[in-house]
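To start, the structure under review is shown below, and the notes come after it.
Atom set for the values below is all heavy atoms of this structure, side chains included, hydrogens, waters and symmetry mates excluded. Quick note on labels: first sequence line is chain A, next is B, and so on, each numbered from 1.
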2 protein chains.
Amino acid sequence: MDPHLLTTFVTVARHGSFSAAASELGYTQSAISQQIAALEADLGLPLLRRRPVEPTPAGRRLLEHAEPLLLRLRAARADVLRTAAGPRHLLRLAATPLAVNPAVAARLARARARMPRLEVRLRTCRAERLAALVAEGHADLGLADGIAAPSDPLRLPDAGPMTTAGVTEEDLVVVLPSGHPLAGRASLRLADLIDARWLQTPLCPLARLRDLVGDGFPAGLAYEGDDVHTVLALAAAGHGLTLLPASAVPGGGITAVPVAAPRLVHRVELLHAALPPGAAAALAAALTLRPDTQDLERGIKDRSV
Amino acid sequence: MDPHLLTTFVTVARHGSFSAAASELGYTQSAISQQIAALEADLGLPLLRRRPVEPTPAGRRLLEHAEPLLLRLRAARADVLRTAAGPRHLLRLAATPLAVNPAVAARLARARARMPRLEVRLRTCRAERLAALVAEGHADLGLADGIAAPSDPLRLPDAGPMTTAGVTEEDLVVVLPSGHPLAGRASLRLADLIDARWLQTPLCPLARLRDLVGDGFPAGLAYEGDDVHTVLALAAAGHGLTLLPASAVPGGGITAVPVAAPRLVHRVELLHAALPPGAAAALAAALTLRPDTQDLERGIKDRSV
DNA sequence: GAGAGTTACGCCTCACGTAAACATG
DNA sequence: CATGTTTACGTGAGGCGTAACTCTC
C-alpha cells in the first residue's frame, strides 16, 4: 500500500491503459506493470482486468480509498511546509461561484481597505475541488457555499485538519419563470414541489435536496456548468425549477419565491488551514463576522454565525 | 512522506526516544535515526529536537496529520481485503457504552432469534476508537452514541468511506441528586444550567454541549472512565450535573428531569463498511428500523430514523 | 563517562530500464 | 498481425546493520 504504487494504480485506472499511465508518470510500461503487480501481490488480489484495462470489484473499492488518501497525504505535506514558510504578501482566495455574494464581497472590500499592502487573488472553482485546493495549499482561504438547515454546518469533503467558520446565511428562493402558475405565491413549501421538474446543476444539487427534504425532485435539463447567469436563463425559459440564494436573483423574466418550509438557508463557509498564514488569519476574521459586528451590511439579509 | 517513515516518526514521538521506538519497531537505533533524517530531509524541516526528544512545531503539525493518515491507510487495506473475504459465521460488534440501550438490545435479540447460526461477539469501546475499529475491520458493525439535535447525524471521526444509519433517538434528561433544588421541575432548559457545575465524563462531553448550546458548562469532577453506574453514583452524590439518555437512568437517589430546550436527543448510529459482509448487512437492516416497522418496541420512547 | 543519537561503510534488496516473449483483439 | 502487457535479466540506488564517533547531561 505504498502511496507511490497507489498513485500509479489510480493513474492506470484513469487512463485505462498501462502505457498511457507510464508516459504520464515518466516511467516505462514495464515499470508500471511491475508496480501494479507489486500492489496486487501486496493485497493478494487482482485489482485490474487487462485488455481492456478496468478495475475489478476490489480495484474499484481501492480507487474509492486511494483518491482521498493521496489528497490527505499531499495536504499533510503542504500543511507542514506552511508552518515553516514566511509571511506572504499575496493572499490566494478560492471560492465557489455562489459563495461570493454581496455581503461577502463588501466585507472583502472593507478588509482590503484596511490592509492596503495586501495583494488578493481570487479564483472560483467547483465545490468538490475547493477543500482540496485549500488543503494542498494552493489557496490560503476557501469560501464554500451550500444549502443547509439554519446554523447547520455544510458537509464538506474531509481533507484533513482544517478550520471552518460560518460566514453568511441567507434565505433561499425558488426561481420560476414569471408566467409560472406558482409565481404569484408569497412563499412555497418544497414538499409541494417534489414532483416538479428541477434543473440539474452543481449550483443546486438535487441529491442534496433529497437528503434534506426526501425523495423526489425529478431531474430535468442537466446543466453541467456553474454559471449563475446561464442557470437563471434556463430557469426563466421554463427548463425547470431551481433554488438560489435570494441575492443572486435579479428581476426580469423570472420570479423568486421564498421557501417557507422546510427552513433552509444558503450558507457560506470559510475554510482554511488550522494555522493560516498571518494575513489569511486577519482576512478570515474580517470575513467571519460575529453577531455584534453585524453593522453596515446592506443589500442582503444575512445572518452571521 | 513515506508512510513507513511516518509510522517511525509517530512511534519516536510517542516514546520520546529513538531507541525505544527502534525496539518497538524491530529496527536498530541507527535505522530509526536514518529514517527520521530521511523524513526531515524530504520536508526540508527539522521535526524533532533531540535530547530531549520532542517534536518541533512542524513536527507537532505533522503528528496531527500522520495519525489519521495511517488510520485511513490501514482502513483502506482492510476494506479492500474485506471485499474478497468469504462470508463469516462470526459477527463482531463494537459499541460505545450508552449505545446499547434497551431498544437496541431488543432488536439485536430479535435479529439473533431469526439468525440462530450466527455467532455475535460484542465489545464496548470509547467513541474515538469506534470508527477506527470498524474501518480497520476489527469490528463488522459499530454502534456509536452521542448528543445531537433531532434527526441530525452524529459527528464521527472520518476514517474513510463508511456508511452510517440512525438507529434510535431518545430524550435526554438532566441527572440530579434527589434533594437538588431543581429536582422538582417538570423540565429544564440547558441555558439555565450553563453556570452549574457539570461532571466531566466521556459519556457527556462538555465540549459537545458548548458546541450545541454555547459557552459555559464549567467542569466539576472529571471522571475519565465510561461506566454509567459510576457516573450515576457521582451525580447522585452531587459532584455535578450530567446529561444521559432517559433509559439509562434508574430510580433511587437521583432524579431525571427532561431537557426542554434546546431540543436535543441522545442518538445512536450504526456504522459499517460500505460493503459489509453478508451477515452484517442483515443485522444492520434489523437494527436500523424504518418508521413503518416500529412496532413492538417497549420500555423506551425512541424515534427511529 | 555513560547514555543516547549520528555518521561511515559494506551488504543486500529491490525497483527500474532494456529487450525479448507473450497474449488478445 | 499489431498493439499492448508480461517476463527475464542486468544495473544502480538506497535502506539496513555493525561499529566507530560525538554530543549532552
Side-chain angles (χ1 to χ4, degrees), chain A residues 1-60 62-63 66 69-70 73-74 76-77 80, chain B residues 1-60 62-63 66 69-70 73 76-77 80 84:
Chain A
M1 296 277 300
D2 179 357
H4 188 208
L5 302 183
L6 245 34
T7 307
T8 300
F9 175 62
V10 302
T11 309
V12 170
R14 186 161 26 106
H15 285 91
S17 153
F18 281 52
S19 15
S23 75
E24 177 178 326
L25 297 172
Y27 287 109
T28 58
Q29 286 152 313
S30 169
I32 301 298
S33 181
Q34 293 175 57
Q35 289 178 17
I36 297 295
L39 191 58
E40 289 181 325
D42 175 32
L43 291 168
L45 291 169
L47 297 171
L48 292 169
R49 240 182 286 285
R50 323 295 155 96
R51 240 181 315 245
V53 172
E54 59 182 6
T56 62
R60 272 194 295 277
L62 182 59
L63 279 174
L69 206 51
L70 293 170
L73 205 57
R74 291 191 300 271
R77 164 178 277 276
V80 171
Chain B
M1 296 278 300
D2 179 356
H4 188 208
L5 302 184
L6 244 35
T7 307
T8 300
F9 175 61
V10 301
T11 308
V12 170
R14 184 157 31 92
H15 284 92
S17 152
F18 281 50
S19 14
S23 74
E24 176 177 326
L25 297 172
Y27 287 108
T28 57
Q29 286 141 318
S30 168
I32 300 298
S33 180
Q34 292 176 56
Q35 289 178 16
I36 297 296
L39 192 58
E40 290 181 323
D42 174 33
L43 291 168
L45 292 169
L47 298 171
L48 291 169
R49 242 182 284 285
R50 324 293 153 98
R51 244 180 306 244
V53 172
E54 58 181 8
T56 62
R60 274 193 295 276
L62 183 57
L63 279 175
L69 207 51
L70 294 171
L73 205 58
R77 163 179 278 277
V80 171

Grab the [atom1]-[atom2] distance between [X] and [N] for me, whole Å please.
X	N	atom1	atom2	answer
Q34(A)	dT13(C)	CD	C1'	14 Å
H4(B)	dC14(C)	NE2	P	13 Å
E54(A)	dT5(D)	CD	C1'	16 Å
I32(A)	dC16(C)	CD1	P	8 Å
R49(A)	dT5(D)	CZ	P	16 Å
F18(A)	dT7(D)	CZ	C1'	14 Å
L5(B)	dG15(D)	CG	P	8 Å
I36(B)	dA4(C)	CD1	P	17 Å

Backbone N/O of I32(B) and side chain of T8(B): donor-acceptor pair under 3.5 Å: no
How about H4(A) and Y27(A): are their ring centroids closer than 6.0 Å? yes
Closest to the [X] side chain, choosing from [options]:
X	options	answer
A31(A)	dT5(D), dG17(C), dT6(C)	dG17(C)
S33(A)	dT7(D), dC16(D), dG4(D)	dT7(D)
Y27(B)	dG17(D), dT5(D), dT6(C)	dG17(D)
S17(A)	dC16(C), dG17(D), dT5(D)	dT5(D)

Donor-acceptor pair (no angle test) under 3.5 Å: S19(A) side chain, dT3(D) base: no
Confirm from the modelled atom types if S30(A) and dT18(C) form a donor-acceptor pair under 3.5 Å, side chain to base only. yes
Apply side chain to side chain donor-acceptor pair (under 3.5 Å) to D42(B) and list each qualifying residue two or more places apart in sequence or on a separate chain. R77(A)
Partners meeting side chain to side chain donor-acceptor pair (under 3.5 Å) with S33(A) (sequence neighbours left out): none
By nearest-heavy-atom nucleotide on DNA chain C, the more 5' of P52(A) and A37(B) is A37(B)
Got a salt bridge between R50(B) and E40(B), using NZ or NE/NH1/NH2 to carboxylate O under 4.0 Å? yes
Just call it for Q35(A): base, sugar-phosphate, or nothing, with non-hydrogen atoms closer than 4.0 Å on any strand. sugar-phosphate
